[in-house]
Amino acid sequence: QVQLVESGGGLVQTGGSLRLSCAASGRSFSINSMGWFRQAPGKEREFVAAISWRGGSTSYADSVKGRFTISRDNAKNTVNLQMNSLKPEDTAVYYCAAANVYNIVTRVANYDSWGQGPQVTVSS
């Protein structure tokens, strides 16, 4: 497995921006597809964004497409999620995750390592 430690998150007004970062250690970071998921109170954990092992391919949930950007730096073992034009419905706990595959995967079950999940709150 990969150990994942997230940073960032917090409280922001509607239309604002936040950046989440995830530092990885353990299994070779570069061979992992990385993803971000989120979970709001009373709801299931949902896919937000994913990036392939070399960063050449990305995928986004329709709800965040055009507003969020996922990126990775394999030299630094980090993956980031830049969130712009935030909306109240983006409020959730956000989780960084790693999957021991090269291609992009979007299902929770595909990922075997998870971060602790920082809170993101967007006020209206």
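Scope of the values below: all heavy atoms of this structure, side chains included, with no hydrogens, waters or symmetry mates.
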K.L.:
With side chains defined as the heavy atoms from C-beta onward, is the minimum distance between Thr14 and Pro88 less than 4.5 Å?
P.N.:
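Yes. Closest side-chain heavy atoms under 4.5 Å.
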K.L.:
I want to check something: taking the side chain as every heavy atom from C-beta on, are Ile70 and Arg72 in contact at a cut-off of under 4.5 Å?
P.N.:
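A side-chain contact under 4.5 Å is absent here.
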K.L.:
Could you go step by step and tell me if Glu89 and Ser124 meet the side chain to side chain contact (heavy atoms under 4.5 Å, CB included) rule?
P.N.:
CA-CA 10 Å; Glu89 50 264 44; Ser124 57; over 6 Å; no
K.L.:
Please determine whether residues Val108 and Tyr111 belong to a single hydrophobic cluster, defined as Ile, Leu, Val, Met, Phe, Trp and Tyr linked transitively by side-chain heavy-atom distances below 4.5 Å.
P.N.:
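The answer is yes; both residues are in one hydrophobic cluster.
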K.L.:
Would Asn32 and Trp53 count as a side chain to side chain contact (heavy atoms under 4.5 Å, CB included) here? Give the steps.
P.N.:
CA-CA 5 Å; Asn32 293 278; Trp53 73 295; over 6 Å; no
K.L.:
Answer yes if Tyr60 and Ile104 sit in the same cluster of Ile, Leu, Val, Met, Phe, Trp and Tyr residues linked by side chain heavy atoms under 4.5 Å apart, and no otherwise.
P.N.:
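The answer is no; the residues belong to distinct hydrophobic clusters.
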K.L.:
Measure across Pro118 and Glu6 and return the closest heavy-atom pair with its distance rounded to 0.1 Å.
P.N.:
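What the structure gives for the nearest pair is CD-OE1, 3.5 Å.
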K.L.:
Are Val105 and Trp114 joined in one hydrophobic group, where the rule is that I, L, V, M, F, W and Y side chains link up if heavy atoms are under 4.5 Å apart?
P.N.:
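The answer is yes; both residues are in one hydrophobic cluster.
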K.L.:
State plainly whether the residues Lys87 and Asp90 are in salt-bridge range, i.e. N to O under 4.0 Å.
P.N.:
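No.
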K.L.:
Does Lys65 NZ have over 12 foreign heavy atoms under 6.0 Å away?
P.N.:
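It does: Lys65 NZ has more than 12 such atoms within range.
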K.L.:
In Å and rounded to the nearest 0.5 Å, what is the CZ to CG distance from Arg19 to Asn84?
P.N.:
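Result: 10.0 Å between the selected atoms.
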K.L.:
Taking the side chain as C-beta and beyond, is there a heavy-atom pair between Leu81 and Val48 under 4.5 Å?
P.N.:
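Counting from C-beta outward, Leu81 and Val48 do come under 4.5 Å.
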K.L.:
Please confirm whether Phe37 and Phe47 have ring centers closer than 6.0 angstrom.
P.N.:
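So the answer is yes for these two rings.
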K.L.:
Counting only heavy atoms not in Gln116 (residues, nucleotides, ligands), do more than 12 fall under 6.0 Å from its CD?
P.N.:
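Yes, the 6.0 Å shell around CD holds more than 12 heavy atoms from other groups.
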K.L.:
Is there a side-chain contact between Arg38 and Glu46, using heavy atoms and a 4.5 Å cut-off?
P.N.:
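Result yes, sub-4.5 Å side-chain heavy-atom pair found.
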K.L.:
Would you indicate whether the side-chain heavy atoms of Asn103 and Ser52 approach each other to under 4.5 Å?
P.N.:
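No. Closest side-chain heavy atoms not under 4.5 Å.
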K.L.:
Test side chain to side chain contact (heavy atoms under 4.5 Å, CB included) on Val12 and Thr121; report intermediate values, then the result.
P.N.:
CA-CA 6 Å; Val12 65; Thr121 302; over 6 Å; no
K.L.:
Give me the atom names and distance for the closest heavy-atom approach of Leu18 to Gly10.
P.N.:
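Taking every non-hydrogen atom into account, CD1-O, 4.0 Å.
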K.L.:
Parallel, tilted or perpendicular: which describes the rings of Phe68 and Tyr94, with under 30° parallel and over 60° perpendicular?
P.N.:
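Phe68 vs Tyr94 ring planes: tilted.
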K.L.:
With rounding to the nearest 0.5 Å, note down the distance linking CZ in Arg67 to OG in Ser85.
P.N.:
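Spacing of CZ (Arg67) from OG (Ser85) equals 7.0 Å.
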K.L.:
Between Ser21 and Thr78, is a side chain to side chain contact (heavy atoms under 4.5 Å, CB included) present by the stated rule, with each step listed?
P.N.:
CA-CA 7 Å; Ser21 294; Thr78 57; 6.0 Å; no
K.L.:
Could you check whether Asn80 and Gln82, counting side-chain N and O atoms only, form a donor-acceptor pair closer than 3.5 Å?
P.N.:
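Result is no, nothing qualifies.
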K.L.:
Just so I know, are the side chains of Leu20 and Val120 near enough to count as touching, which here means a heavy-atom distance under 4.5 Å?
P.N.:
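Yes; the side chains approach each other to less than 4.5 Å.
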K.L.:
Answer whether the closest heavy-atom distance between the side chains of Ile51 and Val79 falls below 4.5 Å.
P.N.:
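A side-chain contact under 4.5 Å exists here.
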K.L.:
Taking the six-membered ring of Tyr95, is NZ or CZ of Arg45 closer than 6.0 Å to its centre and within 45° of its axis?
P.N.:
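Yes, Arg45 sits over the ring of Tyr95.
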K.L.:
Using 0.5 Å steps for rounding, measure from the CG atom of Leu86 to the OG atom of Ser17.
P.N.:
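OG of Ser17 is found 6.0 Å from CG of Leu86.
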K.L.:
Can you list every disulfide (SG to SG under 2.5 Å) pair that touches residues 87-122, not counting sequence neighbours?
P.N.:
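Sorted pair list: Cys22-Cys96.
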K.L.:
Measuring from Thr58:OG1 to Met34:CE, what's the distance to the nearest 0.5 Å?
P.N.:
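The CE atom of Met34 is 14.5 Å from OG1 of Thr58, to the nearest 0.5 Å.
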